[in-house]
Amino acid sequence: MATTRTDPLTLEVVELIGTVVARYYEEYDEAAAAHSLTGAQARVLGLLALEPMPMRKIAQKLKCEPSNVTGIVDRLETRGLVERRPDPADRRVKLAAPTELGTRTAQQLRDSLTFAREPLAELSEGDRTMLRDLLRRMLGEPGPSPDRPWTRGVEALDP
């Protein structure tokens, strides 16, 4: 059974994580509004710019109901930012994919998010790697493996 940590350091770290998340979402919502998008629409567009995916997968990544995603994709499609297309692996499945305009808009959104990027740039590569690895460990992601080279360094963090 996990114990609850209420020491001052743990409480400070939790508070700092909450502040970072709140500021990130605030900046994301402001960037989205500059493109007449909601924060949710911008997040979906950002996900789709990485790879086309079915509604179910979008919902899993955003931790929301697929019906909510359908409405968001409908609005993005109406704006010409997203299109639905058959999945080449299973033609019964429809993928949401960004249009050329959607890809450009997602890039503009990403470029305008300076809150996390600017302070992170001031950290050394080693510090950024350690921060990434600690965050992955907090999320319970698996340790390093040959087929996941981006996870190298996690083993050094084990107590």
Side-chain angles (χ1 to χ4, degrees), residues 2 4-64 68-69 71-73 75-77 79-83 95-159:
T4 303
R5 299 284 307 251
T6 57
D7 61 276
L9 178 59
T10 298
L11 294 175
E12 182 182 6
V13 170
V14 168
E15 184 66 29
L16 287 168
I17 290 170
T19 301
V20 166
V21 169
R23 286 184 57 192
Y24 173 79
Y25 278 115
E26 181 181 314
E27 184 176 288
Y28 210 97
D29 288 343
E30 288 172 9
H35 292 275
S36 300
L37 297 170
T38 66
Q41 289 169 340
R43 285 186 279 284
V44 168
L45 187 59
L47 276 176
L48 295 177
L50 298 174
E51 67 173 319
M53 61 184 77
M55 308 292 178
R56 181 179 60 258
K57 186 173 179 183
I58 299 168
Q60 289 169 345
K61 288 189 172 281
L62 295 180
K63 311 249 186 288
C64 68
N68 292 342
V69 171
I72 293 168
V73 170
R75 288 185 287 285
L76 290 171
E77 190 173 33
R79 299 251 332 254
L81 298 169
V82 168
E83 63 185 9
L95 298 177
T99 61
E100 187 177 314
L101 176 61
T103 300
R104 281 196 314 272
T105 302
Q107 184 62 52
Q108 290 168 354
L109 282 163
R110 199 170 9 273
D111 290 346
S112 69
L113 298 174
T114 58
F115 163 67
R117 188 175 55 239
E118 299 301 325
L120 285 173
E122 295 176 16
L123 298 177
S124 70
E125 183 176 352
D127 286 345
R128 288 192 314 271
T129 299
M130 182 181 295
L131 177 59
R132 179 207 58 205
D133 294 345
L134 286 168
L135 291 169
R136 285 183 171 161
R137 186 169 154 199
M138 284 178 63
L139 294 170
E141 292 188 5
S145 67
D147 60 327
R148 291 172 38 118
W150 60 89
T151 62
R152 283 189 181 54
V154 175
E155 71 276 4
L157 301 174
D158 285 332

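One-based numbering along the sequence shown.
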#### Entry: Side-chain donor/acceptor of Q41 to backbone N/O of T38, under 3.5 Å
yes

**Prompt:** Got a donor-acceptor contact below 3.5 angstrom from the R136 side chain to the E141 backbone?
**Reply:** no

Test side-chain contact (heavy atoms from CB on, under 4.5 Å) applied to L120 and L131, step by step: CA-CA 10 Å; L120 285 173; L131 177 59; 3.8 Å; yes

In short, P98 meets L45 closest at the heavy-atom pair CB-CD1, 4.4 Å

dist E30:CD -> S112:OG (nearest 0.5 Å) comes out at 9.5 Å

Problem - Side-chain donor or acceptor of T99 paired with backbone N/O of L81 under 3.5 Å - result: yes

Does A96 offer a backbone N or O that forms a donor-acceptor pair with the side chain of E83 under 3.5 Å?
-> no

Between R79 and L101, the two heavy atoms sitting closest are O-CD2, 4.2 Å

- Can you check whether L113's main-chain N or O pairs, donor with acceptor, with Y28's side chain at less than 3.5 Å? no

task: Please say whether more than 12 non-hydrogen atoms of neighbouring residues, nucleotides or ligands are located less than 6.0 Å from CZ in R110.
output: yes

Any ion pair linking E122 and R128 (charged N to carboxylate O, less than 4.0 Å)? no

On a heavy-atom basis, the closest approach of D29 and G39 is OD1-CA, 3.2 Å

Between A97 and L48, the two heavy atoms sitting closest are N-CD1, 4.5 Å

Residues K61 and L47: closest non-hydrogen pair is CD-CD2, 3.8 Å

L109 and A42 have their tightest heavy-atom pair at CD1-CB, 3.8 Å

Lys/Arg-Asp/Glu bridge criterion (N-O < 4.0 Å) met for R104, E100: yes

